[in-house]
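Just so it is clear: chains get the letters A, B, ... in the order the sequence lines come, proteins before strands, and each one is counted from 1.
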Protein chains: 2
Amino acid sequence: MILKSQVEWALHCCAILAGLPDGRYLSTKALAEFHGLPKEYLSKALQSLSQARLVDSTLGPSGGYRLSRPPAEITFLDVVEAVEGKERSFVCNNIRANNPCRPEGYCDAGPCAIARIMWDADEAWRASLRAVTLAMLVQSLEKDVPPALWRESFEWVMKRVG
Amino acid sequence: MILKSQVEWALHCCAILAGLPDGRYLSTKALAEFHGLPKEYLSKALQSLSQARLVDSTLGPSGGYRLSRPPAEITFLDVVEAVEGKERSFVCNNIRANNPCRPEGYCDAGPCAIARIMWDADEAWRASLRAVTLAMLVQSLEKDVPPALWRESFEWVMKRVG
DNA sequence: TCCAATACGGATATCGTTTATCCTTATTGG
DNA sequence: CCAATAAGGATAAACGATATCCGTATTGGA
């Protein structure tokens, strides 16, 4: 059970978009170059973000993507779910229904105990991701990345911004 | 990102094994019949449990599986990790290393902020699973399942127990 | 002692998902 | 009008999940 690499890509891209000046767009090409990723395939991840309304896009030269809301209002969960989907990681196939002792037409009152427990864990995972915003991510990154590299990266992006 | 169905199977099988009288074994065949599962493939899941030392097995007629510890000492996480592996669900490919602004031979101090946050969520998931034991599961099930069905299922199993 | 039932592990096949590329279309700034 | 872009469909390769089959070793019971 491994998350798609597109989740990682989308998060890194969102981190860049969160640092953009208000209203400016950055293209798939620039994002792919900056992260060393295949442009065509990264494009699919960005389209997922777009469909989830996390980013706006424009066409034409100097087109690209920007966040549709302030970074403080976009959570990790938003991004992860945009790419990975909202389905729970545990799927209950209700195999208890195959119990040979069951009377015909027996109907279960609710989800089985195993599913409830697994779904609780899933919700704990989601709650953890919901607690972190892109604004917090940028803060963390700024603390981690040496100031010189931070500045150069910003300038690299600004040269390509629409 | 969906957990293998073997996780579900293993948990249901553990629930049955947890209800067995001390020292008795139940075969793959019986477990497969009870849950309506393909015997050969279920066998792989049980082998995973065996390799993780969660269950003991014996060969020969009246052979099968039993829990290797009291149900209160086996957690959901034990079972999930036995089948699914202990690897984290988020894999960091360190794509920040592709940043074109990086000086040659630059070395990162630690894992990147995105990985840390994703791994925190993973740990929240694991902590949630670690908090629930098979003993607690059996308690839940006994509350959910009607007494008649509970009793009949127990007898069904006891007829096949080694 | 022999037989049948079992766990175990290797080999193989099938299927779906992820990853990736290519191409067409519509849009837009210069 | 042109070039750059997002969007999305079609396709294929690679991989993991699912599933089956078979051979081996072990063991309880006849």
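We find that CD1 of B:I2 is positioned 13 Å from C1' of C:dT18, with the value rounded to whole Å. A:Q6 has its CD atom 13 Å from the C1' atom of C:dT21, to the nearest Å. For the pair B:E8 CD and D:dT18 C1', the computed distance is 14 Å after rounding to whole Å. The nearest whole Å value for the distance from the CG atom in B:L3 to the P atom in D:dG16 is 17 Å. For the pair B:D56 CG and D:dT27 P, the interatomic distance rounds to 14 Å; values are reported in whole Å. One atom, CG of B:L42, and another, P of C:dA7, lie 10 Å apart when rounded to the nearest Å. The interatomic distance linking B:R53 (CZ) with C:dA7 (C1') rounds to 15 Å, in whole Å.
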**Report entry** Letter per nucleotide, 5' to 3', of nucleotides 4-15 of chain D [B base touched, S only sugar-phosphate touched, - untouched; heavy atoms, 4.0 Å]
**Finding:** BBBBBB------
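Of the two residues contacting DNA chain C, namely A:E84 and A:P38, the nearest-nucleotide position lying further toward the 5' end is that of A:E84.
Counting heavy-atom neighbours within 6.0 Å of B:R69 CZ, excluding the residue itself, gives a total above 12.
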List the atom pairs, donor and acceptor, that lie under 3.5 Å between side-chain atoms in residues 24-31 of chain B and the rest of the protein, sequence neighbours left out.
| from | atom 1 | to | atom 2 | distance (Å) |
| --- | --- | --- | --- | --- |
| B:R24 | NE | B:G162 | O | 2.8 |
| B:Y25 | OH | B:R66 | NE | 3.3 |
| B:Y25 | OH | B:R66 | NH1 | 3.2 |
| B:Y25 | OH | B:R66 | NH2 | 3.2 |
| B:S27 | OG | B:K29 | N | 3.4 |
| B:S27 | OG | B:A30 | N | 3.2 |

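In this model, the phosphate group of D:dT18 is approached by a side-chain N or O of B:Y41 to a distance below 4.0 Å at OP1 or OP2.
Among residue pairs with one or both ends in residues 37-84 of chain B, those qualifying as ring pair (Phe, Tyr, Trp, His ring centres under 6.0 Å) are B:W9-B:Y41; sequence neighbours excluded. Within the structure, every pair that satisfies the ring pair (Phe, Tyr, Trp, His ring centres under 6.0 Å) test and touches residues 137-162 of chain B, not counting sequence neighbours, is listed here: B:F34-B:W156.
Other members of a hydrophobic cluster containing A:L59 are absent, since no ILVMFWY side chain comes under 4.5 Å of it, directly or through relayed contacts.
Residues that satisfy the side-chain hydrogen bond (donor to acceptor under 3.5 Å, both in side chains) test with B:R116, not counting sequence neighbours, are A:D144.
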